[in-house]
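See below for the structure under consideration.
All ligand and atom numbering here is 1-based and tracks the order in the structure. Just so it is clear, the model here is predicted, and its values are computed rather than measured. Computed over heavy atoms, backbone and side chain alike; hydrogens, waters and symmetry mates excluded.
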Amino acid sequence: MKIAILGSGGREHSLTYTISKSKKIKKIYCLPGNAGTADVAKNIKININNFEEVYKFLKKEEVDLVIIGPEQPLVNGIVDFLEERQIKVFGPNKIASQLEGSKIFTKTLCKKFNIPTADFGVFEKIEDAKNFLKNVNYPIVIKADNLAAGKGVYISKNIKEANIAVEEIFNGKFGKAKNLLIEEFLDGEEMSYFIISDGKTIKNFGTAQDHKRVGEGDTGKNTGGMGAYSPSRLINDELETKILNKIIKPTLKGLDELGTNYKGFLYAGLMIVNGEPYLIEYNVRMGDPECQTILPKLNSDFLEIVEACVEQKLERTKIVWKEKKSLCVVLCSKGYPDNYEKNIKINNFDKLILNENNYLFHAGTEREENHIVAIGGRVLNFISLSDDLTNARQNIHNNLNKLNWDKGFYRRDIAFKVINK
Ligand code: AMP
Ligand code: GLY
């Protein structure tokens with residue numbers, strides 16, 4: 001089969017690498033890909049938000065199946081666009097993608113189906129939001145309604161901080177804002193829960209905890225994700241049953257009532273408070289770096305799973321996982337998530353120890369003649385599988401020491417809640 005994968009991050013390199021192991025693969029294209037995907041696929045420089053261009057390419061190359069990595073094209077309706085043109089595609093349609101594209105869509109659905117989530121209010125006027133903030137308990141959470149790459153969320157400790165958040169959102173810091181959300185602060189521990197769905201059947205696709213803050217001890221600014229481990233330390237059968245019955249199934253029922261269904265990966269960002277799951281947000285794709293963390297644990301043929309979803313045969317498809325735990329550390333450019341230098345050479349790739357338990361997935365990298373340069377904030381993902389997370393993290397640190405990239409930094413404490421107790 002000829003496959004195309006859209007996106008250019010660590011998530012997409014892990015998707016590309018994992019699917020390349022399938023016997024049925026004839027050719028893989030990555031649009032636009034990175035220096036890592038170029039090792040297993042052909043990179044094609046195309047703007048993936050230009051659907052006509054994407055379609056022209058897929059048609060010309062007679063691509064059999066397309067996998068969409070990031071949220072933006074999904075929210076913009078790429079799945080509907082391609083399906084209307086008879087291209088098979090793995091990912092949710094435009095209506096279902098509002099689960100990530102509009103926080104208000106999701107909150108309204110939560111209210112209708114009694115899905116546990118933080119209490120919230122929607123505000124269209126700056127004065128109304130500010131008046132409301134005079135009489136609330138702090139900390140409080142303030143969110144832009146649109147896609148903001150994980151950055152449109154403020155946790156404000158007092159009214160002064162809250163007013164600044166409201167002003168920044170309405171002044172368009174995260175794009176044009178018609179309204180914002182003010183939410184109760186949930187005090188618990190976060191967990192990412194993943195399912196894969198064909199529109200009829202859902203199956204578990206792993207759990208993880210990621211570390212979104214830039215600094216050790218989960219401090220400092222929010223980022224796309226500095227590292228993760230899987231499975232989450234919080235998951236057990238009782239909690240999983242609650243997540244499915246109280247959150248996932250009612251959500252799918254809500255989509256059904258809207259006359260649609262869910263196909264693709266669904267990522268529930270949860271806060272677990274005293275053993276009870278609350279929905280913080282949905283993402284309509286795999287997480288990054290959770291995808292890189294989870295996929296190396298897969299024992300089944302990934303292409304068969306994706307095909308089964310597109311053909312609505314997931315019920316009969318077995319998904320088998322390795323028993324091992326997995327940990328991922330993200331190597332970033334110094335300065336991220338603010339300003340950082342670009343086009344910085346990285347050496348020593350040949351010194352890394354990579355094997356069936358140790359993986360390297362590229363994110364913001366590009367090949368330049370005979371070497372690789374960093375072009376993004378999050379640059380490389382190091383993953384290790386082991387029975388023991390301490391050992392996994394040590395393997396990664398050994399590789400990071402060998403790479404010895406002095407323009408980069410990483411968090412040394414990924415999984416600290418389970419490792420250095
Ligand atoms: P989001 O982009 O909605 O995932 O929010 C980014 C981060 O803000 C989450 O990963 C949480 O750490 C935090 N957060 C969001 N909403 C809440 C809430 N209601 N209570 C506590 N923390 C929250
Ligand atoms: N790791 C967080 C995300 O992918 O949104």
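- Close approach of ligand 1 to I155 (heavy-atom distance below 4.0 Å) involves ligand atoms 13 (C), 22 (N).
- Contact atoms of ligand 2 toward G224: 1 (N), 2 (C) (distance under 4.0 Å to a heavy atom of the residue).
- A cation-pi contact, defined as under 6.0 Å to the ring centre and within 45° of the axis, is absent between K103 and F120.
- Ligand 1 has a nitrogen or oxygen under 3.5 angstrom from a nitrogen or oxygen of K212.
- Annotation: R11 places no N or O atom under 3.5 Å from an N or O atom of ligand 2; distance criterion only.
- With sequence neighbours excluded, no residue forms a side chain to side chain donor-acceptor pair (under 3.5 Å) with N236.
- Near K143, meaning under 4.0 Å from one of its heavy atoms, ligand 1 places the atoms 3 (O), 15 (C), 16 (N).
- Taking a 4.0 Å cut-off on heavy atoms, G287 registers as neighbouring ligand 2.
- Of all the listed residues (L279, I280, T106, V141), V141 holds the heavy atom that lies closest to atom 18 (C) of ligand 1.
- Of the residues L354, I383, N381, the one that meets the side chain to side chain contact (heavy atoms under 4.5 Å, CB included) test with L360 is L354.
- Scanning for side chain to side chain donor-acceptor pair (under 3.5 Å) contacts around K221 gives D338, with sequence neighbours left out.
- Between F382 and H397, the distance from one ring center to the other does not fall under 6.0 angstrom.
- One distance of note links CD1 of I44 with CG of L58; it measures 10.0 Å at 0.5 Å rounding.
- Distance alone, capped at 3.5 Å, places no donor-acceptor pair between the K246 side chain and the N114 backbone.
- Under the 30°/60° scheme for interplanar angles, the aromatic rings of F361 and Y359 are found to lie parallel.
- Taking the six-membered ring for Trp and thresholds of 30 and 60 degrees, H211 and Y229 have ring planes inclined between 30 and 60 degrees apart.
- For R285, every heavy-atom contact with ligand 2 shorter than 4.0 Å involves the side chain, none the backbone.
- Among all heavy-atom pairs drawn from P289 and D210, the shortest one is CD-OD2, 4.4 Å.
- Every atom of ligand 1 with a heavy atom of M271 under 4.0 Å away is listed here by number and element: 21 (C), 22 (N).
- Ring-plane geometry between F51 and F81 is classed as tilted, the angle between the planes lying from 30 to 60 degrees on a 0 to 90 degree scale.
- Close contacts of ligand 1 with E184, meaning ligand atoms under 4.0 Å from a residue heavy atom, involve 18 (C), 19 (N), 20 (N).
- At a 4.0 Å heavy-atom cut-off, ligand 1 touches L186 through backbone and side chain alike.
- Short contacts between ligand 1 and E183, defined as distances under 4.0 Å to a heavy atom of the residue, involve ligand atoms 16 (N), 18 (C), 19 (N).
- Contact annotation: for E290 versus ligand 2, heavy atoms closer than 4.0 Å belong to the side chain alone.
- Look at A228 and you'll find every heavy atom at least 4.0 Å from all atoms of ligand 2.
- By the 3.5 Å distance cut-off applied to N or O atoms, E281 is not counted among the residues near ligand 2.
- Residue D210 has at least one heavy-atom neighbour below 4.0 Å for each of these atoms of ligand 2: 1 (N), 2 (C).
- Of all atoms in ligand 1, listed by their number and element, those nearer than 4.0 Å to a heavy atom of A118 are 19 (N).
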